[in-house]
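These notes concern the structure reproduced below.
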Amino acid sequence: MSDKLNELKISTPGRVCLFGEHQDYLQLPVVACAISLRISVEGHRRNDMMIKVQLPDIADEESFSLDEPIVYNKERDYLKSSVKVLMRHGFTFSSGFDCTVHGQIPINAGTSSSSALIVTWINFLARMSDQSQILSDEKLAWLAYEAEVLEFSEPGGMMDQYSTSIGGIIAIDFFPELKVTRLNTELKTFVLGNSQQPKDTKYILSHVKDQILAVDKILKKIDNNFSLHSVKYDNIASYSKYLTKSQYQILEGTIKNRDITVIARRELLKKNPDHKMIGELLTEHHIVLRDVLDISTPKIERMIKAALDAGAYGAKINGSGGGGCMFAYAPENFEKVKEAIELAGGQAFIILPDTGSREEILEVV
């Protein structure tokens, strides 16, 4: 054990989805940005096989033994599922850990607090395991996806795990195969607004996902060549006679969002993108999420209007919707935008793009 780490601190960012909201589980492209609100796990080895985790931010704690079979005791038992997934991949542990979790990321608000926690925890565990392995960003993301989504048969996609692991601004293609592209664009200041309205992420994801998958199934029976990846927006009207009005609207919204993402990504690949255009595309994306997918709320609408009136280039709801956060792109007047969001009833944070999961220097006490 002398050649192993005895203590370690890992932190991971939250994320906002710039473009492609409600697209990743359809294997359509997304553009995401890691943000400068982070979650950390700091811990050291124990002399037994117990894992004890303190979560003071939510006045909670968890403990379980590595000597016993791992049994889930609650929905989304992520601390245990992460250990179980790592063991399945050949990682072993000859001791337990005492750990403390601290976070700045709004919880259950669409900014990937759960994924950031899992990425942080898996990064910590892999380095502190008997194998002392530093995982690649992509491997870390995949293991987190297994622990969060596959292990519990959740409806979500892969965007959160890859964005928080890798950091910065990334574009993710899922079809015909997974491809992550790091975009070197240096976007400027954002303002994140938390409505502090609780949301049912699992229900919203399933509800929206089930609707568009039903449309996809209907149209594939009619046209073997139909694909959400390739159908042209100008051609979707030909399918309207096979769909109800609401089904056609969600098809139209999905293809609009897909095309907005493609346009934005093309702009973000430029060394000097048009920042006002990026803002306008964010707002255009939000309008579809609001009017077609119906995932916004009156309070979030007030916060978005306040941000735009205060000089933000653009704004949109973030995450699955039904509550949670919005964000505004505000390279200028960001303090004014923050104040406007707060006056509209939100909790506001000035944020920047940030790096991915990383080891932190331990403070000497």
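Given the structure is predicted, the values throughout are model-derived calculations rather than measurements.
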Under the side chain to side chain contact (heavy atoms under 4.5 Å, CB included) criterion, do Gln247 and Ile212 qualify, and how do the steps go? CA-CA 7 Å; Gln247 286 175 328; Ile212 187 59; over 6 Å; no

Report the C-alpha distance between Tyr162 and Tyr145 in whole Å, list the side-chain angles of each, state the deciding distance to 0.1 Å, and finish with yes or no for ring-ring contact (aromatic ring centres under 6.0 Å, His included). CA-CA 8 Å; Tyr162 277 84; Tyr145 175 69; 7.9 Å; no

So Val101 and Leu117, side chain to side chain contact (heavy atoms under 4.5 Å, CB included) or not? Walk me through it. CA-CA 8 Å; Val101 176; Leu117 172 62; 4.0 Å; yes

Using the rule given for side-chain hydrogen bond (donor to acceptor under 3.5 Å, both in side chains), can you reason through His102 versus Glu42, listing the C-alpha separation, both sets of side-chain angles and the distance that settles it, and then say yes or no? CA-CA 9 Å; His102 285 293; Glu42 182 174 349; over 6 Å; no

Give the C-alpha distance, both sets of side-chain angles, the deciding distance and a yes or no for side chain to side chain contact (heavy atoms under 4.5 Å, CB included) between Met87 and Leu66. CA-CA 10 Å; Met87 287 179 166; Leu66 294 172; 3.8 Å; yes

I'd like to know whether Thr100 forms a side chain to side chain contact (heavy atoms under 4.5 Å, CB included) with Val41, so could you lay out the CA-CA distance, the side-chain angles of the two residues, the decisive distance to 0.1 Å, and finally the verdict. CA-CA 6 Å; Thr100 303; Val41 171; over 6 Å; no

Show your working on side-chain hydrogen bond (donor to acceptor under 3.5 Å, both in side chains) between Glu148 and Ser115 and close with a plain yes or no. CA-CA 7 Å; Glu148 182 175 6; Ser115 297; 2.7 Å; yes

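For Asp294 and Arg290, the salt-bridge test fails: no basic side-chain N is under 4.0 Å from an acidic carboxylate O. At a threshold of 4.0 Å, the pair Lys336-Glu339 does not count as salt-bridged, since none of the basic side-chain nitrogens sits closer than that to a carboxylate oxygen. Salt-bridge annotation for Asp24 and Lys209: absent, with no side-chain N of the basic residue lying under 4.0 Å from a carboxylate O of the acidic one. With respect to Glu284 and Lys256, no salt bridge is recorded, no charged nitrogen being found less than 4.0 Å from a carboxylate O. One finds no salt bridge joining Lys232 and Asp234 here, because no Lys/Arg side-chain nitrogen approaches an Asp/Glu carboxylate oxygen to under 4.0 Å. Salt bridge status for Lys52 with Asp98: absent, with no side-chain N to carboxylate O gap under 4.0 Å.
Summarising the geometry, atom CZ belonging to Phe19 is positioned 10.0 Å from atom CD1 belonging to Ile263; distances are rounded to the nearest 0.5 Å. In this structure, CD1 in Ile295 is found 7.0 Å from OG in Ser320, a value given to the nearest 0.5 Å. With rounding to the nearest 0.5 angstrom, the CD atom of Gln27 is 8.0 Å from the CZ atom of Phe174. Between the CG atom of Leu308 and the CG atom of Leu282 there is a distance of 10.0 Å, given to the nearest 0.5 Å. Separating the CZ atom in Arg38 from the CD1 atom in Ile10 is a distance of 10.0 Å, to the nearest 0.5 Å. Atoms CG and CD1, from Leu352 and Ile35 in turn, are 10.5 Å apart once rounded to the nearest 0.5 Å.
Pairing each heavy atom of Ala147 with each of Phe152, the nearest pair is O-CE1, 3.4 Å. Taking both residues in full, the closest heavy atoms of Met50 and Asp48 are given as N-OD1, 3.1 Å, listed atom of the first, atom of the second, then distance. The two residues Ile317 and Ile304 have their closest heavy-atom pair at N-CD1, 3.9 Å. Shown here for Val292 and Ile250, the closest heavy-atom pair between the two residues is CG1-CA, 3.8 Å. The two atoms that bring Gly90 and Gln131 nearest to each other are O-NE2, 3.8 Å, heavy atoms only. Taking every heavy atom of both residues into account, Gly20 and Thr261 meet most closely at N-OG1, 3.1 Å.
A continuous path of hydrophobic side-chain contacts links Ile350 to Val337 [ILVMFWY only; heavy atoms under 4.5 Å]. Cluster annotation: Ile51 is connected to Ile39 through the hydrophobic network of ILVMFWY side chains, with a link wherever side-chain heavy atoms come within less than 4.5 Å. Cluster annotation: Phe64 is connected to Ile118 through the hydrophobic network of ILVMFWY side chains, with a link wherever side-chain heavy atoms come within less than 4.5 Å. No single ILVMFWY cluster, assembled from side-chain heavy atoms under 4.5 Å apart, contains both Ile122 and Val180. In the hydrophobic clustering of ILVMFWY residues, with side-chain heavy atoms under 4.5 Å counting as a link, Met159 and Leu213 come out apart.
Between the side chains of Ser40 and Glu360, no donor-acceptor pair of N or O atoms lies under 3.5 Å. A donor and an acceptor atom, one from each side chain of Glu138 and Ser165, are nowhere located under 3.5 Å apart. A donor-acceptor contact closer than 3.5 angstrom links the side chains of Arg358 and Thr355. Inspection of the Lys80 and Asn73 side chains reveals an N or O donor paired with an N or O acceptor under 3.5 Å. A side-chain donor from one of Ser112 and Arg15 sits under 3.5 Å from a side-chain acceptor of the other. Between His275 and Tyr313, the side chains place no donor N or O within less than 3.5 Å of an acceptor N or O (distance only, hydrogens not considered). Under 3.5 Å, the side chains of Asn257 and His285 contain a donor-acceptor pair of N or O atoms. Side-chain polar atoms of Glu151 and Tyr78 form no donor-acceptor pair below 3.5 angstrom. Side-chain contact annotation: Glu301 with His286, donor-acceptor N/O pair under 3.5 Å present. Side-chain atoms of Gln347 and Glu342 include no donor-acceptor pair closer than 3.5 Å.
Applying the salt bridge (Lys or Arg N to Asp or Glu O under 4.0 Å) test to residues at least two apart or on different chains, the pairs with a partner in residues 57-71 are Glu62-Lys74.
Taking the centre of each ring, Phe334 and Phe190 stay at or above the 6.0 Å mark. Taking the six-membered ring for Trp and the full ring otherwise, the centers of Tyr239 and Phe226 sit less than 6.0 Å from each other. Between Phe97 and Phe124, the distance separating the two ring centers is shorter than 6.0 angstrom.
Listed for the Asn318 side chain is no donor-acceptor partner under 3.5 Å among the backbone atoms of Phe327. Checked by atom type and distance alone, the side chain of Thr164 never pairs as donor or acceptor with a backbone atom of Gly14 at under 3.5 Å. Arg258 places a side-chain N or O within 3.5 Å of a backbone atom of Leu228 that can act as its donor or acceptor partner. Remark: side-chain polar atoms of Thr297 are paired, donor with acceptor, to backbone N or O of Ile300 under 3.5 angstrom. Here the side chain of Arg265 pairs no donor or acceptor atom with the backbone of Ile260 at under 3.5 angstrom. Within the 3.5 Å criterion, the main-chain N or O of Cys17 finds a donor-acceptor partner in the side chain of Lys316. At least one donor-acceptor pair under 3.5 Å links the side chain of Glu21 to the backbone N or O of Gly319. Using a distance-only test at 3.5 Å, with no hydrogens or angles considered, a donor-acceptor pair links the side chain of Asp274 to the main chain of Met277. Judged by distance alone, the side chain of Arg182 and the main-chain N or O of Ile170 form no donor-acceptor pair under 3.5 Å. Distance alone, capped at 3.5 Å, places no donor-acceptor pair between the Ser163 side chain and the Asp160 backbone.
By the 6.0 Å contact criterion, CD on Gln196 is enclosed, its count of non-hydrogen atoms from other residues, nucleotides or ligands being greater than 12. The neighbour count for Lys220 NZ, taken as heavy atoms of other residues, nucleotides or ligands under 6.0 Å away, is above 12.
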